[in-house]
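One structure is given here, and the rest of the page talks about it.
Remember, it's 1-based here, ligands and their atoms both numbered in the order they're listed. Starting from 1, each residue takes its place in the sequence as its number. Every value quoted in this text rests on a predicted model; they were computed, and no experiment measured them.
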Amino acid sequence: MTADPYEAIDALGAAPLWRYYGNLFPPEPVTAAVPFLWRYDALRPYMLHFAEALSLQEAERRVLMLVNPGLKEPPATVDNLYAGIQIILPGETAQAHRHSANAFRFIIEGEGAYTTVNGERVHMHPGDFLLTPGWHWHDHSHEGQGPMMWLDGLDYPLVNKMEAAFFELLGERLQTPTVPDDQSQRLFIHGRLTPRWLHRIGAASPIGNYPWAETEKAFEAIGDSVPGSPVDGIVLEYTNPWTGGPVMPTMSCRISRLRPGFSGQPFRHTASTIFHVVRGHGITRVNGVDLHWGPHDVFAVPGWSVYRHENLATDEDAVLFHYSDEPAQQALGLYRVDDRPFR
Ligand code: GTQ
């Protein structure tokens with residue numbers, strides 16, 4: 001035996017569990033992520049700046065990543081998920097690629113752009129929710145007038161931690177369409193009438209675009225006839241028509257209408273969530289930190305943080321788009337909610 005048995009076992013690739021135990025088996029989830037808000041009004045001028053300064057020949061995608069101050073390396077927005085804001089100008093194209101990470105876009109502003117996903121051109125309008133499931137080819141084109149901006153959501157932090165990340169360029173800048181434009185939306189969006197000559201392929205929803213017009217119709221149909229969730233208001237999940245479950249295996253994507261004056265109950269669960277303000281003004285208190293939000297802001301609610309939403313307007317709805325890693329946690333048997341009352 002050498003002088004220091006701890007040094008000796010270290011050299012042998014061993015470590016004393018008793019010195020690590022509390023860190024490896026914390027009584028409750030521990031995260032480096034912090035509650036944080038990204039202000040759209042503040043970022044927008046920089047989006048426009050980089051749109052002029054950097055061509056899409058120089059950048060695979062022109063995106064500002066929304067990096068949680070507690071998760072800088074590798075950059076992530078919450079532990080398993082990422083958000084970014086992408087800009088594309090009229091006449092530009094972003095080249096075709098695919099990756100094992102699942103992705104979606106929630107359209108913020110602009111008209112006239114489309115993304116081509118596995119041969120289908122999917123046109124974008126503000127409030128639309130578009131899917132690019134893992135390993136689907138995708139390229140973006142803009143044939144409209146002004147700048148087009150959207151929120152990107154991806155699960156690459158999770159996929160990379162799972163050591164399952166692949167990436168590939170198509171080789172051609174753009175895909176050649178193989179089906180009529182926006183076909184999947186026409187085939188599947190009705191939700192209760194599913195085409196039976198088609199077969200389920202893969203784990204994701206076959207719908208390329210869940211258009212804003214349909215989302216609004218759903219909110220209008222529900223109206224004020226029900227109280228909804230005391231935590232999340234009138235909260236609707238975008239679903240996979242084959243399963244009724246989440247649109248992609250790792251991410252649950254939802255939209256909430258908070259009525260005028262809505263004052264939510266505090267709640268927490270193990271899933272980490274990213275919110276995007278579609279419209280309205282409010283405050284979300286996250287573990288005692290007040291995040292004041294307005295249109296198009298993005299904010300992070302780390303897992304197991306107590307959060308509580310408030311719509312500050314007494315005469316206007318607030319609408320929040322949100323996504324979390326709940327399906328991944330559910331699939332692994334790890335998802336939990338805290339049903340104790342909070343004070
Ligand atoms: O548009 O394909 O924000 O591949 C990050 C990675 C967007 C995209 C992102 C991507 C994309």
Side-chain angles (χ1 to χ4, degrees), residues 38 40 43-44 46-48 50-51 54-68 71-90 92-110 112-125 128-144 147-162 164-175 204 208-209 247-248 250-251 253 274-276 296 298 300 321-323 325:
W38 292 266
Y40 189 68
L43 286 172
R44 192 175 182 279
Y46 294 98
M47 300 292 303
L48 296 172
F50 285 111
L54 185 83
S55 79
L56 281 185
Q57 269 61 40
E58 297 165 271
E60 182 72 19
R61 296 291 189 261
R62 195 191 288 112
V63 179
L64 294 187
M65 309 172 70
L66 305 183
V67 182
N68 192 293
L71 303 174
K72 288 196 165 178
E73 204 51 60
T77 310
V78 291
D79 278 273
N80 289 326
L81 302 174
Y82 150 94
I85 300 176
Q86 179 155 180
I87 182 167
I88 179 167
L89 295 179
E92 287 187 321
T93 56
Q95 71 179 348
H97 69 207
R98 64 178 175 178
H99 34 68
S100 33
N102 292 279
F104 68 77
R105 343 239 155 244
F106 190 92
I107 310 307
I108 300 174
E109 58 174 292
Y114 56 85
T115 181
T116 305
V117 181
N118 273 6
E120 178 185 325
R121 283 184 175 170
V122 184
H123 290 83
M124 307 169 171
H125 314 279
D128 289 0
F129 170 64
L130 281 74
L131 298 190
T132 310
W135 215 234
H136 284 49
W137 293 110
H138 53 289
D139 53 73
H140 313 311
S141 299
H142 187 5
E143 295 175 357
M148 187 97 200
M149 288 188 247
W150 63 76
L151 177 78
D152 285 318
L154 281 90
D155 60 4
Y156 79 73
L158 176 65
V159 172
N160 291 355
K161 276 186 259 182
M162 304 277 272
F166 294 87
F167 173 93
E168 198 169 60
L169 289 175
L170 179 63
E172 312 274 330
R173 189 160 179 89
L174 300 176
Q175 296 165 77
N209 186 0
V247 288
M248 294 187 288
T250 51
M251 291 186 277
C253 302
I274 296 169
F275 289 86
H276 167 69
H296 313 315
V298 176
F321 169 83
H322 41 120
Y323 58 113
D325 57 355

Those atoms of ligand 1 less than 4.0 Å from some heavy atom in V63: 3 (O)

List ligand 1 atoms under 4.0 Å from Y82, heavy atoms only on the residue side. 3 (O), 5 (C), 9 (C)

Are the side chain of [X] and the backbone of [Y] linked by a donor-acceptor contact shorter than 3.5 Å?
X: D155; Y: A101; answer: no
X: T115; Y: D139; answer: yes
X: Q175; Y: G119; answer: yes

For ligand 1, which part of [X] has a heavy atom less than 4.0 Å away: the side chain, the backbone, both, or neither?
X: M65; value: neither
X: T132; value: neither
X: R105; value: side chain

Distance flag, aromatic centroids of F106 and Y323, threshold under 6.0 Å: no

Taking the six-membered ring for Trp and the single ring otherwise, decide whether the centroids of H276 and H322 are under 6.0 Å apart. no

Among I108, I87, V63, side-chain contact (heavy atoms from CB on, under 4.5 Å) partner for M47: I87

Give the residue and atom name of whichever protein heavy atom lies nearest to [atom], and the separation in Å to one decimal.
atom: atom 10 (C) of ligand 1; result: H99 NE2, 3.9 Å
atom: atom 1 (O) of ligand 1; result: H140 NE2, 2.7 Å
atom: atom 9 (C) of ligand 1; result: D152 OD2, 3.5 Å
atom: atom 8 (C) of ligand 1; result: R61 NE, 3.1 Å
atom: atom 6 (C) of ligand 1; result: L154 CD2, 4.0 Å

For E60, state whether at least one heavy atom is located under 4.0 Å from any atom of ligand 1. no

Can you tell me if Y156 contacts ligand 1 (heavy atom of the residue under 4.0 Å from the ligand)? no

Using 30° and 60° as the class limits, which term best fits the ring planes of H99 and F167: parallel, tilted or perpendicular? parallel

Side-chain heavy atoms of R98 within contact of N118, under 4.5 Å: no

